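Residue numbers begin at 1 in each chain, while the letters A, B, ... track the order of the sequences. Computed from heavy atoms alone, side chains included, the values below leave out hydrogens, waters and symmetry copies. Predicted model only: the values in this text are computed from it and were never measured.
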Amino acid sequence: MDDQTRMLTGLTGLAGLQQADVGDPDSVRKQQSLGQPQQDIGDILQQIMAITDESLDEAQARKHALNCHRMKPALFSVLCEIKEKTVLSIRGVQEEDPPDPQIMRLDNMLLAEGVSGPEKGGGSAAAAAAAAAAGGSPTDSSIEHSDYRAKLAQIRQIYHAELEKYEQACSEFTNHVMNLLREQSRTRPISPKEIERMVAIIHRKFSSIQMQLKQSTCEAVMILRSRFLDARRKRRNFNKQATEVLNEYFYSHLSNPYPSEEAKEELAKKCGITVSQVSNWFGNKRIRYKKNIGKFQEEANLYAVKTAVDAANVSAQASQANSPATPNSGGYPAPCYTPDGRL
DNA sequence: GAATATGATTCTAT
DNA sequence: ATAGAATCATATTC
């Protein structure tokens, strides 16, 4: 006791403060609150542990009693009103999102490829269109494309199965949540708008999953297309006669090897290829010739001779028709030199 | 089977 | 739009 009194006397200033604090009810609460959360949790745990079937029944009964209380409707409507206000204020923040451009792009592509959209007929039509777009000749392609179509149909089937699965899961989940909310709306204020919002959230989540599905389907289709429809993969050399015709034109127009549209059409007809193939050929030829003129020298001479001979023949025939006595060998421009001495 | 040729595609610049 | 250039993917040659 002596010690205590000595300490207290030695801390007179503090003692004064303490007394002042004790007089303040707020400080008492502060002091108590330090130890309280743990005690609360302990209580709660205790309660949880103590729950038995009977106590659950009891709780249900109490809930029921509360539901039937005469003040309940009034209180409920007040709560609804408050909530309506807060919910509305929240709603203002997150507006309806516009249709995602990414998903629209994917949709368009899937439709164009015949994966989504109408059944079989549409699919094969799209495949044919794709084949045509890829530049393949519309003939012989049917056998090669049957494999492609089969694979596309497979992708299509998987896609639709997955899509259906997602849609089903989505609607199931939505229903579940809505039922839950409806159930809860009897005991807590839930406005239809809130339900709507919740549904929208669920749909957004599922549509993001759907987008992944669409994305990977698109990738699969692209890979398939590149495997089957890329013209580079089934390249065939033009036949000898066609290359001859093209080379003849090229070397006889070496100073300006740019055939007009009409010339291209004519060449295409002569060679049995498309105009765009003629364009490709000239594009390739020009650049490759330019890159290595030396390498093409021989070929150039060959075609120079050829055209000269052809011209000679035509001219000879003509002159033969006019005057059969004229010989067809002499008097024409000499063939160009050949580096290795051959003709 | 590597080297080369060739038709097609893609990208860039005009 | 078109040409040029680079590149790809297959065909052909040696």
Side-chain angles (χ1 to χ4, degrees), chain A residues 101-102 105-106 108-115 125-152 155 215 217-307 336 338-343:
Chain A
Q102 170 80 359
R105 241 186 52 222
L106 292 175
N108 285 342
M109 188 194 146
L110 289 174
L111 203 64
E113 296 295 337
V115 174
S137 53
T139 55
D140 81 294
S141 56
S142 56
I143 301 154
E144 290 183 30
H145 292 347
S146 70
D147 220 16
Y148 168 79
R149 274 205 297 276
K151 293 263 193 240
L152 192 69
I155 289 175
Q215 190 133 29
T217 307
C218 275
E219 275 169 27
V221 171
M222 290 308 273
I223 290 165
L224 189 72
R225 272 197 67 163
S226 79
R227 273 213 51 64
F228 285 89
L229 299 181
D230 186 348
R232 283 180 296 198
R233 289 189 184 270
K234 52 179 176 58
R235 187 177 70 74
R236 296 278 177 278
N237 289 354
F238 299 153
N239 62 42
K240 224 174 155 112
Q241 184 254 333
T243 38
E244 237 163 69
V245 169
L246 293 166
N247 272 317
E248 252 170 59
Y249 188 97
F250 180 79
Y251 287 109
S252 61
H253 297 75
L254 205 50
S255 57
N256 185 34
Y258 298 89
S260 64
E261 200 57 34
E262 297 84 63
K264 279 183 195 172
E265 273 166 29
E266 200 180 324
L267 284 168
K269 213 188 314 174
K270 264 198 213 170
C271 301
I273 58 180
T274 67
V275 172
S276 72
Q277 281 178 306
V278 172
S279 297
N280 285 340
W281 191 91
F282 274 89
N284 283 322
K285 192 74 186 182
R286 278 192 300 265
I287 190 74
R288 283 164 186 166
Y289 180 80
K290 201 180 86 176
K291 263 188 174 175
N292 192 353
I293 294 174
K295 198 175 80 179
F296 289 92
Q297 193 61 61
E298 203 181 326
E299 193 179 67
N301 293 330
L302 194 78
Y303 281 98
V305 172
K306 205 188 253 300
T307 47
C336 298
T338 49
D340 56 0
R342 287 186 293 140
L343 253 183

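Between A:Arg235 atom CZ and C:dT12 atom P the separation is 8 Å, expressed in whole Å. Here C:dA6 presents its C1' atom at 13 Å from NZ of A:Lys290, a figure rounded to the nearest Å. Summarising the geometry, the separation between OH on A:Tyr289 and P on C:dG4 is reported as 14 Å, rounded to the nearest angstrom. Look at CG on A:Asn284: it is 16 Å from P on C:dA9, rounded to the nearest Å. Rounding to whole angstrom units, CD1 of residue A:Ile287 and C1' of C:dT2 are separated by 14 Å. Atoms CG (A:Asn280) and C1' (C:dT2) sit 13 Å apart, rounded to a whole Å.
One distance of note links CG of A:Asn301 with NZ of A:Lys306; it measures 13.5 Å at 0.5 Å rounding.
Side-chain atoms of A:Arg288 and base atoms of C:dG4 include no donor and acceptor less than 3.5 Å apart.
More than 12 heavy atoms of other shown residues, nucleotides or ligands fall within 6.0 angstrom of atom CD in A:Glu244.
OP1 or OP2 of C:dA11 lies within a sub-4.0 Å distance of a side-chain N or O belonging to A:Arg236. OP1 and OP2 of B:dG7 both lie 4.0 Å or more from every side-chain N or O belonging to A:Gln277. Using a 4.0 Å cut-off, no side-chain N or O of A:Lys285 falls inside it from OP1 or OP2 of B:dT6. Between A:Lys291 and C:dA6 there is a side-chain polar atom (N or O) within less than 4.0 angstrom of OP1 or OP2.
A:Ala268 and A:Val275 make their closest contact through CB-N, 3.9 Å (heavy atoms, listed as atom of the first residue, atom of the second, distance). Considering every non-hydrogen atom in both A:Arg286 and A:Pro259, the closest pair reads NH1-CD, 4.5 Å. Taking both residues in full, the closest heavy atoms of A:Phe296 and A:Arg288 are given as CE1-O, 3.1 Å, listed atom of the first, atom of the second, then distance.
The side chain of A:Lys264 sits closest to C:dA3 out of B:dA5, C:dC8, C:dA3.
Across all strands, A:Lys295 comes closer than 4.0 Å only to sugar-phosphate atoms, never to a base (heavy-atom distances). Contacts of A:Arg286 with the nucleic acid, taken as non-hydrogen atoms under 4.0 Å apart, involve only primed sugar atoms and P, OP1 or OP2.
For the segment residues 237-259 of chain A, the set of residues with a heavy atom within less than 4.0 Å of an atom of DNA chain C comprises A:Asn237, A:Tyr258, in numerical order.
Proximity of A:Phe282 to A:Tyr258: side-chain heavy atoms (C-beta onward) are nowhere separated by under 4.5 Å.
At a threshold of 4.0 Å, the pair A:Glu299-A:Lys285 counts as salt-bridged, since one of the basic side-chain nitrogens sits closer than that to a carboxylate oxygen.
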